[in-house]
Undergrad: 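Please read through the structure below; I'll follow up with questions.
We count residues from 1, following the sequence as given.
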Amino acid sequence: SQFTQENSQNISIYHYVEEMIANYGKYIKEVFDETDITRAELPFLIRIRFSEKTTQKELVELFKVSEGYTAKLLRKFEDKGYITRCEDPTNRRKKIVELTDAGIEKTDELIELIDNWELKVTSEMTDEEIKLLKSLLFKVVSS
């Protein structure tokens, strides 16, 4: 009820972000089958998909989770055939995490869900408005 056109300029960005997260969470809960991976694990797999050569340590730092949690999660992804971990040739202590063909297929499914949510929430916007929104969001996250 606080989100009205008349009040839109008085609402902090934080509240908009919270509403977007809640909306996305509700949508994913409705359409996402958690029998394979959970909603909490989904961002890890997506991030691996869009990272050229990510490491276990980089995932720990990015998601602000423990090394143990990340190792356990990556082991689960390995067991399901979604990723492989191999030694970095320049530093044998580092493990490079890469998607397998099955991981690419799985992330394609996940990306389709994410894209459908985006289409849903931007359905009343013009292409120019969507372009402007993405441009402004980029400025927010890159500052």
Undergrad: Please report the interatomic distance CD(E98) to CD1(I104), rounded to the nearest 0.5 Å.
TA: 9.5 Å

Undergrad: Rounded to the nearest 0.5 Å, how far apart are CD1 of I13 and CG of L136?
TA: 9.5 Å

Undergrad: About how many Å separate CZ of R85 and CZ of F77, when rounded to the nearest 0.5 Å?
TA: 11.0 Å

Undergrad: Report yes or no: does T122 contribute a side-chain atom to a donor-acceptor pair with the main-chain N or O of M125 at less than 3.5 Å?
TA: no

Undergrad: Let's go through R93 and D88 carefully: what are the C-alpha distance in whole Å and the side-chain angles of both, what is the deciding distance for salt bridge (Lys or Arg N to Asp or Glu O under 4.0 Å) to 0.1 Å, and is it a yes or a no?
TA: CA-CA 7 Å; R93 293 182 311 207; D88 182 339; over 6 Å; no

Undergrad: Enumerate the salt bridge (Lys or Arg N to Asp or Glu O under 4.0 Å) contacts for residues 36-45, please, sequence neighbours excluded, ordered by first and then second residue.
TA: E34-R39, D36-K80, D36-K106, E41-K76

Undergrad: Do NZ/NE/NH1/NH2 and the carboxylate oxygens of E67 and K72 come within less than 4.0 Å?
TA: no

Undergrad: Determine whether the aromatic ring centres of residues Y16 and F3 are separated by less than 6.0 angstrom.
TA: yes

Undergrad: From L113 CG over to Y27 OH, what is the distance, rounded to the nearest 0.5 angstrom?
TA: 5.0 Å

Undergrad: Taking C-beta and beyond as the side chain, do V97 and F44 meet within less than 4.5 Å on heavy atoms?
TA: no

Undergrad: Looking only at atom types and distance, does a side-chain atom of T55 sit under 3.5 Å from a main-chain N or O of I96, one as donor and one as acceptor?
TA: no

Undergrad: Ignoring hydrogens, what is the shortest heavy-atom contact between A102 and G81? Give both atom names and the distance.
TA: CB-O, 3.4 Å

